[in-house]
Novice: 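There's a structure below that I have some questions on.
Below, each value reflects all heavy atoms present in this structure, side chains not excepted, and no hydrogens, waters or symmetry copies.
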Amino acid sequence: DGAVRGYFAALQRGDAPAALAFGDVPAGPRDYLTNAVLKEQERLAALRDVHVTGTNRSGSQATVAVTYRLLFGDGTLQFNDQVAVRERRGSWHLTAVAVATRLGLSQAEDRARILDTVVPTESVLLFPGAIPITFDTPYLQLAAGTSSVQLRSPADLPLTVEVSAQGRAAVLAALRTSFTPCLAGSQTADPRCPTATPRGVPGSLRGSIVGTFAPDAAITVDPVATGRIDVRDRKSVV
């Protein structure tokens with residue numbers, strides 16, 4: 001467990017060379033095994049409260065159970081990971097100091113970056129922690145369930161993009177601004193305004209919204225590279 005503690009301490013310090021020295025590096029591109037990427041991971045979610053909870057040894061090999069927290073801006077996530085180590089020439093080393101995984105981004109690819117680079121479609125090596133993907137707008141973010149990577153993450157890691165709290169507020173404000181004139185019944189109403197029935201005449205809807213405007217609207221990111229946002233809601237109008 002000393003090797004595992006030292007490894008995670010190096011990650012917390014943002015010291016990539018030290019972390020790599022604790023074991024073997026898997027095959028794959030090492031572009032993201034750097035101090036700069038570690039710093040970005042720490043910025044997105046600080047890695048804290050690392051605890052070794054158990055060790056299962058069999059001869060010169062062992063599995064170390066470890067828990068830690070990632071402190072994202074919108075909440076904290078708790079993780080349980082398993083770290084494989086082996087003894088070599090009297091000392092213990094991690095069998096893999098990084099995870100090889102393919103980041104399966106199928107939404108907003110044109111708006112996503114890892115530092116200043118396009119998110120690759122092939123497998124990459126990453127340190128455990130926050131996935132260092134950011135977007136060119138604060139309105140998008142990785143969903144909590146797919147925002148991090150562990151040493152035991154699968155070789156293919158599907159990612160989900162969602163609308164952030166800031167994005168949701170902006171979308172609802174824009175929707176309110178554009179929808180209000182629709183209820184005025186203007187002859188110059190936007191042709192995209194809803195109608196009372198599928199065969200309704202554009203611009204014929206008049207009234208006011210019953211209740212709060214769209215607090216429960218379903219706001220999702222479409223599976224397209226541009227990051228188009230889809231809004232669905234049903235409202236009563238009188």
Side-chain angles (χ1 to χ4, degrees), residues 1-104 114-115 119-120 122-134 142-160:
D1 63 355
V4 174
R5 295 179 193 276
Y7 170 74
F8 277 94
L11 295 183
Q12 289 180 290
R13 296 194 308 271
D15 190 341
L20 294 174
F22 276 96
D24 301 326
V25 182
R30 303 186 182 188
D31 305 40
Y32 301 132
L33 301 181
T34 65
N35 287 348
V37 174
L38 261 183
K39 182 178 179 180
E40 180 70 356
Q41 289 180 281
E42 176 77 6
R43 184 186 70 81
L44 293 172
L47 192 158
R48 295 291 184 270
D49 301 325
V50 179
H51 298 287
V52 171
T53 58
T55 301
N56 183 11
R57 178 178 176 180
S58 177
S60 62
Q61 300 185 30
T63 301
V64 179
V66 61
T67 65
Y68 55 87
R69 296 194 302 158
L70 291 179
L71 310 183
F72 288 91
D74 56 356
T76 298
L77 297 180
Q78 178 80 28
F79 294 93
N80 301 298
D81 212 345
Q82 299 286 330
V83 185
V85 296
R86 63 169 168 243
E87 188 178 19
R88 189 168 58 215
R89 294 188 294 275
S91 60
W92 290 88
H93 304 266
L94 276 68
T95 59
V97 292
V99 58
T101 189
R102 188 183 70 84
L103 303 175
I114 296 181
L115 295 183
V119 178
E122 68 277 5
S123 179
V124 298
L125 295 177
L126 289 173
F127 288 121
I131 293 177
I133 289 178
T134 56
L142 290 179
T146 64
S147 60
S148 62
V149 62
Q150 288 76 55
L151 287 174
R152 60 176 178 174
S153 289
D156 287 287
L157 194 61
L159 304 180
T160 301

Novice: Is there side-chain contact between Val149 and Leu103, with heavy atoms separated by less than 4.5 Å?
Specialist: no
Novice: Strictly distance-based, threshold 3.5 Å: is any side-chain N or O of Gln150 a donor or acceptor partner for the main-chain N or O of Pro128?
Specialist: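 No.
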Novice: Among residues at least two apart in sequence or on other chains, which ones pass salt bridge (Lys or Arg N to Asp or Glu O under 4.0 Å) with Asp74?
Specialist: none
Novice: Can you label the angle between the Tyr68 ring and the Phe8 ring as parallel, tilted or perpendicular, going by 30° and 60°?
Specialist: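 Tilted, since the angle between the ring planes falls between 30° and 60°.
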Novice: Ignoring hydrogens, what is the shortest heavy-atom contact between Tyr32 and Leu125? Give both atom names and the distance.
Specialist: CB-O, 3.7 Å
Novice: In Å and rounded to the nearest 0.5 Å, what is the CG to CG distance from Leu38 to Leu126?
Specialist: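 Nearest 0.5 Å value for the CG-CG distance: 10.0 Å.
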Novice: Ion pair present between Glu42 and Arg48, side-chain N to carboxylate O less than 4.0 angstrom?
Specialist: yes
Novice: Are the side chains of Gln78 and Thr67 in touch, meaning some heavy atoms are under 4.5 Å apart?
Specialist: yes
Novice: Looking at CG of Leu11 and CG of Leu47, how far apart are the two atoms once the value is rounded to the nearest 0.5 Å?
Specialist: 6.5 Å
Novice: Drop me the distance from Leu115's CG to Thr34's OG1, to the nearest 0.5 angstrom.
Specialist: 7.0 Å
Novice: Looking only at non-hydrogen atoms, find the nearest pair between Pro132 and Glu40 and report the distance.
Specialist: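 Looks like CB-CG, 4.1 Å.
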Novice: So, does Asn35 use its side chain to make a donor-acceptor pair with the main chain of Ala16 at under 3.5 Å?
Specialist: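 Between the backbone of Ala16 and the side chain of Asn35 there is a qualifying donor-acceptor contact (under 3.5 Å).
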Novice: Are Val85 and Phe22 close enough that some pair of their side-chain heavy atoms sits under 4.5 Å apart?
Specialist: no
Novice: Between Leu20 and Val25, is there a side-chain heavy-atom distance shorter than 4.5 Å?
Specialist: yes
Novice: Holding to side chain to side chain donor-acceptor pair (under 3.5 Å), I want the full list of residues that pass it with Asn80, two or more places apart in sequence or in another chain.
Specialist: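 With sequence neighbours excluded, Asn80 shows a side chain to side chain donor-acceptor pair (under 3.5 Å) to no residue whatsoever.
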Novice: I need the Arg152 CZ to Thr63 OG1 distance, nearest 0.5 Å.
Specialist: 11.0 Å
Novice: For Ala65 and Gln82, work out which heavy atoms get closest and say how close.
Specialist: CB-NE2, 3.8 Å
Novice: Specify the closest pair of heavy atoms between Tyr7 and Ala19, including all atoms of both residues, with the distance to one decimal.
Specialist: CD1-O, 3.5 Å
Novice: Please report the shortest heavy-atom distance between Pro26 and Ala96, naming the atom on each side.
Specialist: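 Nearest pair, atom of Pro26 first, then Ala96: CG-CB, 3.9 Å.
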Novice: Treating Thr55 as the side-chain partner and Val64 as the backbone partner, does any N or O pair qualify as donor plus acceptor under 3.5 Å?
Specialist: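 No, the answer is negative, given that no donor and acceptor are paired below the 3.5 Å cut-off.
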Novice: Please name the pair of heavy atoms, one in Leu159 and one in Thr146, separated by the smallest distance, quoted to 0.1 Å.
Specialist: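 Minimum heavy-atom contact is CD2-O, 3.4 Å.
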Novice: Does any N or O in the side chain of Gln61 come within less than 3.5 Å of the main-chain N or O of Ala84, such that one atom is a donor and the other an acceptor?
Specialist: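 The answer is no, because no donor-acceptor pair under 3.5 Å joins these two groups.
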Novice: Nearest 0.5 Å please: distance from the CG atom of Leu33 over to the CZ atom of Phe127.
Specialist: 4.5 Å
Novice: Can you tell me how far OG of Ser147 sits from CG of Leu70, rounded to the nearest 0.5 angstrom?
Specialist: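 Atom-to-atom, Leu70:CG and Ser147:OG are 7.5 Å apart.
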Novice: Apply side chain to side chain contact (heavy atoms under 4.5 Å, CB included) to residues Leu157 and Ile131 and explain how you reach the verdict.
Specialist: CA-CA 11 Å; Leu157 194 61; Ile131 293 177; 3.8 Å; yes
Novice: Are any side-chain N or O atoms of Asp81 and backbone N or O atoms of Leu151, one a donor and one an acceptor, separated by less than 3.5 Å?
Specialist: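 At least one qualifying donor-acceptor pair exists.
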